[in-house]
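See structure below.
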Amino acid sequence: MKERLIFALDVETFDEAQSWVERLQGEVGLFKVGKQLFTRCGPQVVEMVRAAGGEVFLDLKYHDIPNTVAKAAVEATRLGVRMFNVHALGGFSMMRTMAEEVEALCDAEGLARPILLAVTILTSSTEEDLRRVGIERPVAEMVPLLASLAQQAGLDGVVASAQEMTLVRQACGRDFLVVTPGVRPATAALDDQQRVMTPGAAIAAGADYLVVGRPIARAQDPVAAARAIVAEMAAQD
Ligand code: C5P
C-alpha cells in the first residue's frame with residue numbers, strides 16, 4: 001500500500017528535498033516534485049530522488065502547443081520519472097501527440113513508459129473563475145468531460161479531488177487511475193485545503209494514489225505519520 005502514497009516535496013531547496021528523501025524513502029512510494037522545486041533545482045532533484053532509490057511524480061502540468069508538450073514529455077520520460085501530468089484543457093491533440101511520442105520513445109529506447117496523467121479543472125478554480133475565462137459549464141460537468149477526453153487521447157488517469165472521484169469513475173471506469181490530493185488524517189490540520197478526505201475514505205472511494213504533504217511534513221514524527229497513513233490505507237483496501 002505504501003507504493004500508492006505520494007509525498008509532496010513542497011520545499012524550497014535541494015538540501016531540504018534531499019533530507020526528506022533520506023527520511024521517507026522506503027516509507028512512501030513516490031515523491032512529487034512540483035514547479036517551485038523543479039524551477040529552482042532542475043533535473044538534478046529528480047536524479048537525486050532516483051539515486052536514492054525513489055520514484056518521482058513530476059507535477060509540472062504541461063500546457064502548450066502539441067509539439068512543445070510532446071518534447072517536454074519526452075525529456076520527462078528520459079529523466080526516468082514514474083508519472084507526470086499535463087492540463088487536459090490543452091486539448092485532445094496536445095494529449096494524443098504527447099502520448100504517441102512518449103510511446104514511440106519508450107519503444108525505440110527501451111525505456112519504461114511513465115504513467116501519463118491529466119489535470120482536469122484545478123480545485124482552486126471556482127465556477128466564477130471559469131465563467132471569466134468563458135467556461136460556462138459547471139465543474140461537475142467539466143471534470144468528467146475532460147477526464148474522458150484524456151482517456152480517449154491515451155492517458156492513464158487524472159489528478160482529482162476525492163469529491164470528484166465518483167464523477168471520474170462514472171465517466172472513465174475502474175481502470176483509469178485517480179491520483180488524489182487533499183488528504184487529511186482525522187487528527188491532522190486542514191491547512192489551506194477545503195474539501196478533504198481521510199486516507200482510508202479516499203482509498204475506499206476508489207483512489208489509486210494519494211498525494212500527502214503537510215500532514216507528514218509537519219508531523220512531530222514524519223515517519224510515524226507516513227506509516228499511520230499507510231496503515232489506514234491498508235485497512236480500507
Ligand atoms: O500539504 P498538502 O497535503 O495539502 O499537499 C498537497 C499537494 O497536492 C500540494 O503539492 C498541492 O499543490 C497538490 N495539489 C492539491 N490539490 C490539487 C492538486 C494538487 O493540493 N487539486
Side-chain angles (χ1 to χ4, degrees), residues 2 4-13 16-17 20-21 23-24 27-41 45-46 49 54-63 81-89 115 117-127 129-130 139-140 142-144 146-147 150 155 157-168 177-203 205 207-220 222-223 225-226 228-230 232-233:
K2 70 183 175 196
R4 293 165 62 182
L5 178 59
I6 304 173
F7 176 67
L9 273 177
D10 290 330
V11 295
E12 285 180 17
T13 66
E16 283 174 273
W20 279 115
V21 171
R23 276 170 112 170
L24 293 175
E27 305 293 341
V28 302
L30 294 97
F31 294 89
K32 183 170 83 70
V33 173
K35 286 192 171 92
Q36 180 185 12
L37 189 61
F38 193 81
T39 301
R40 177 146 172 179
C41 303
V45 77
V46 173
V49 176
E55 298 281 0
V56 174
F57 170 14
L58 190 63
D59 180 20
L60 297 181
K61 301 186 182 72
Y62 298 126
H63 185 171
V81 306
R82 182 81 195 92
M83 54 175 77
F84 65 86
N85 54 9
V86 303
H87 270 289
L89 283 168
I115 295 170
L117 298 171
V119 173
T120 58
I121 298 291
L122 291 171
T123 48
S124 54
S125 299
T126 64
E127 291 192 350
D129 291 327
L130 296 179
V139 172
M142 290 303 296
V143 167
L146 291 167
L155 275 64
V158 287
V159 181
S161 72
Q163 284 72 18
E164 295 164 350
M165 199 136 45
T166 313
L167 296 171
V168 173
L177 298 173
V178 178
V179 176
T180 304
V183 175
R184 290 292 178 271
T187 53
L190 293 185
D191 307 305
D192 55 356
Q193 298 283 10
Q194 305 289 335
R195 299 184 305 281
V196 300
M197 228 183 233
T198 64
I203 292 293
D208 295 290
Y209 292 88
L210 305 186
V211 179
V212 181
R214 288 162 292 181
I216 294 174
R218 296 196 180 162
Q220 264 189 349
V223 168
I229 290 170
V230 171
E232 191 182 325
M233 291 163 72

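Remember, it's 1-based here, ligands and their atoms both numbered in the order they're listed. One-based numbering along the sequence shown. These numbers come from a predicted model, not from an experiment.
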Can you find a pair of side-chain heavy atoms, one from [X] and one from [Y], that are under 4.5 Å apart?
X: Leu155; Y: Val86; answer: yes
X: Thr120; Y: Met142; answer: no
X: Leu5; Y: Glu27; answer: no

Next item on the list: Write out the protein residues near ligand 1, meaning a non-hydrogen atom under 4.0 Å from one of its atoms, in order of chain and number.
Entry: Ala8, Asp10, Lys32, Thr123, Pro181, Arg184, Gln193, Val211, Val212, Gly213, Arg214, Pro215
Next item on the list: Decide side-chain contact (heavy atoms from CB on, under 4.5 Å) for Arg23 and Ile216; before the verdict, give the C-alpha distance in whole Å, the side-chain angles of both, and the deciding distance to 0.1 Å.
Entry: CA-CA 11 Å; Arg23 276 170 112 170; Ile216 294 174; over 6 Å; no
Next item on the list: Tell me, please, which residues at least two apart from Phe57 pass ring-ring contact (aromatic ring centres under 6.0 Å, His included).
Entry: none
Item checked: Charged N-O contact under 4.0 Å between Asp191 and Arg184 -> yes
